[in-house]
Each structure stands twice: as C-alpha cells, then as structure tokens.
Amino acid sequence: MTQTEASPGGAVARMSVPTLTAMVVGGMVGAGVFSLPARFGVATGILGSLIAWTIAGAGMLMLAFVFQTLAIRKPDLDSGVFIYAKAGFGDYAGFNSAIGFWASSVAGNAFYWVFIGSTLGAFFDGFGEGDTVLAVAVGTAGVWLFHYLIARGVRDAAVINRIVTVFKIIPILVFIVVLFVNFDAGVFADNWTGYGYGDLGSLNEQVRNTMLITTFVFIGIEGASVYSRYAERREDVGRATVLGFLSVLSLFALVTLSSYSVVPQPELAATRQPSMVGVFQSVVGDWGEWFISIAVIVSVLGAYLAWTLMAAEVMYIPARQDDMPEFLGQENAAGTPITALVVTSLGVTGLLALTLFVTDALNFMLDLATSLSLLPYVLAAAYALKLGLTGEAYEGVSARTRRKETIVAGAATAYTVFLFDAAGMKFVLLMTVILAPAALLYVKARSEHGRRIFSPAEVGLFVLIVTGGVAGAVGLWTGRISL
C-alpha cells in the first residue's frame, strides 16, 4: 500500500511526522547536491559560503512556512503550487505560474540527463561533459524509455523514491565523514576567504553568485505541504517541513564545508561535474569515483521519474480546470495524462538538443531551471502576504498569529524577489521568451469555453511579458544574450 492509498478498511492512510519529513528530504536531495563543491568553489570561499547558506536557509525556511500557512488557511486549494497564483492574482497569473513550474521541471529534467552524461564522461570519453552527440542520444533514449514506462501506468513512485532516498543519502554521509576525517587545517585556513588565490570579487558578489545554486538544491521544499491533507494532524506538516528542511540544510552545508577542508579553492573550482566525484576520489582513490558516480546515477534516475510525473501533472490539472487547452487533459487507457506527458517529453528532448550549442550545458540548465521555479514561488509568497494584509481566511484567528504569518510571508516575498535580482536579467528575459509564446495556450483555453481572454490588468501583464520575450529573442539573435 502506498502512503496515500486507502487502507483495507476504507480509511485513507495517514502520514506521520517521520513519513512527511521523508517526503521533504526526498524531494530536495536530488542531483544538485553532487555539484555543490565546484559550484561554490567557483564563486566563493568558506566565509562567503557560510553567509550564503545562512541567507538561503533563512529565506527558504520562510518560504516553507508560507506553504504551511497556505495549507492551513486555504485547505481547499490543493491542486499544486500554481493554484495560489490563480487564487490571489487571477487566471492569467495562475497560468504563467503553471507554465513556469512546468518549464522549470522540464529544464531540471534536461539537467539530470546532462548530469548523467557528465558522470559517464569520466569513464567514457564520448560522453564529454554531458553535451556531446553521444550524451544527447543516450539522454534522449532515456527520456522516451521513461515516457513509455509512465505511459503504461507507472504513476506512483513512492516505493522507488523511498529506495532511492536511502541510496543517495548514505553516500553523501560517507563523503562528509571521510572528508572531515582527512581535514587539512592549512587548506581550510587558505580557503576561508579565498582571496589569496585570486580575485573572487567582494564578499557581497561572492554571496550573490551562490544564490541560484542554493535555491536549486532546495526546490521541493513544498513536499510536505503538497500532502498536507494526508497528515495525521495539520500541525504535523509544519513540524515535518522544518525538520526536513533543517536536516537537508545541514547536509548541504556540510558537503560544502567538508570539500573546503581538503581541496584548495582553485582546484575545487576546476573539478569536473559532478564535482563530489572528483573531490572524493582525490581523498580515497579510484574506488571513490565509482562509489559516488553510482550514487549520482541512482539518485538522478529516481528524481527524474518523480519530476516527470510532476511536470505532466502541472499541465494536466489546469487543463481539467479549464485553464489549459482541453487536449492537455486527455488520459490514455492506463489513466496517464498522456498528452501532457508527450509535451513534457518533447520539451526535455528539445532542451537536450540545445545543449549541443550551449557553452556550459550543465550550469546553464541548472540556472535556467532555478530561474523558472522562482515565478510560482514568488507568487505563492505574495498570495500569503495578501491574505495576511487583507485578513482573508483569518476569521477567528488571533491578531498575533495573523501578524506573525504576515511578517513571514513578507520575508519570503522579499527573498524570492531578491533571487530574481541574483539570477540576473539574462535568465529573466529567457523566462519571458518561454512565457510569451505560451500565452497562445491560454488564449486557446479561454476561447474553448467562451471566456474573456484578458482583464484590463492582465493586458498589462501580457504586454510586459511579450516585451520581455521580444527583447530576449532579439538578444539571442544578436548574440547579446549568450547561451
């Protein structure tokens, strides 16, 4: 019996705090953790990394509390993260949130295949950095193999995810323990600021340059809130979210610090991705390369299955609610949202083909996936802030609770807006390049049901997105925006 199926007596199986906590941990610990050493090594030293994790930890914790608040204040909104944007800011905002979440999942899934290719590249030269013709061909074959399995009805990945979580957490813990056992005080001291190795920029620049990677590794923080209706007690969701988040934050920070304790910053920055492989191998020898590489592949394939299901659902559910064209709501005989799944698989395939023309495919896909995920996050946080300021859904709730939740929502909103700034104009424009043509799907969905396409406020939003999309397309054409 899966965690959300009915028990023999007919009652819905309830999730305990440990089970909900595992949902949070399993959702966040994916491929990103295996790239942390080099990503941080390129951008900063130890001091900058500590500040970055503190800021990211505080900001993402506020976002976790936002999802908990929304689960309690609006328990009827349980169709996915995008639904908060729709409830708070209208149908077109909700549509863009759904497209942003879907596109982020597609870019993340493309990142997974590039990551596997880069891992195999350490053993087989033909895979290179995951951006060669062979790597793209193998990745594309993998995309459609998973497509076939899911289309046949492999819908519930609970058992697979539990197994995968064990296989990816144990190697990470081994990595941390082994590196700290081999702690080099001299290397650690030299890496404190990294200034002795060259110019990493000011401390402020170093921290800003790490913000996207810290955000990517925390995607999935809403895991417990998504399943809040299955919790034994509603308050268990918040407890599980905090426990899971703090566990993962500690794990990620320790991976970073342990890497700085054995490898000088320039060598760390130059380590090929997935960089945990090279760092571990430098300490324990060749067996370390195999050990972490196997963990990477198992972890990534498990995450890919879960996020492919998520990406298909985020197009299927809006289609069933008349916010996407009807054809995206079609199911096959196995009950799989087949059209949404086909569109998702085509999207991943297209991005994999794009990696043949991108300078740094791995980091580009990671940054693109993270930037796209910011839209649904900032809109969810803004909706929670709106509820707190207007008092909607706070009938019978103490003024102290409302004030506390409003402050938290304000902090989460400010943090997600800051992340847009940290992402830079390049990725904001690339996001609008995707959102602008996607508006055709919105127009079709509204036309199918005879509804007005845009309200006056939505016209302004549409014009803003199209303007950004045109600017982004021109930038790509002229080379002012490089991939």
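Numbers here are sequence positions counted from 1. Basis for what follows: all heavy atoms, side chains included, without hydrogens, waters or symmetry-related copies.
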Could you tell me whether the side chain of Met431 reaches within less than 4.5 Å of the side chain of Phe420, counting heavy atoms only? yes
If you measure only the distance, is there a donor-acceptor pair under 3.5 Å linking the side chains of Ser35 and Gln273? no
Side-chain heavy atoms of Asp323 within contact of Ile317, under 4.5 Å: no
If we only count heavy atoms from C-beta on, is the Thr416 to Leu379 side-chain gap below 4.5 Å? no
Regarding Lys74 and the six-membered ring of Tyr383, is the cationic atom NZ or CZ under 6.0 Å from the ring centre and inside 45° of its axis? no
Should Leu251 and Ile169 count as side-chain neighbours, where that means a heavy-atom distance under 4.5 Å? yes
What do you reckon, are the aromatic ring centroids of Trp53 and Phe40 less than 6.0 Å apart? yes
Heavy atoms, side chains only, cut-off 4.5 Å: are Pro376 and Tyr84 in contact? no
Taking the six-membered ring for Trp, are the ring centroids of Trp192 and Tyr260 within less than 6.0 Å of each other? no
May I ask you to decide whether Glu326 forms a salt bridge with Lys444, counting only side-chain N to carboxylate O separations under 4.0 Å? no
Taking side chain as C-beta onward, heavy atoms only, is Leu36 less than 4.5 Å from Met276? no
Output yes when a side-chain donor or acceptor of Thr349 lies under 3.5 Å from a complementary backbone atom of Ser345, and no otherwise. yes
Under a 3.5 Å cutoff, is there a donor and acceptor pairing between the side chains of Ser398 and Thr401? yes
Under 3.5 Å, is there a donor-acceptor pair between the Tyr394 and Glu405 side chains? yes
Would you say that Tyr377 contacts Phe67 through its side chain, given a criterion of any heavy-atom pair below 4.5 Å between the two side chains? yes
Could you tell me if the side chain of Ile55 sits less than 4.5 Å from the side chain of Tyr415, heavy atoms only? yes
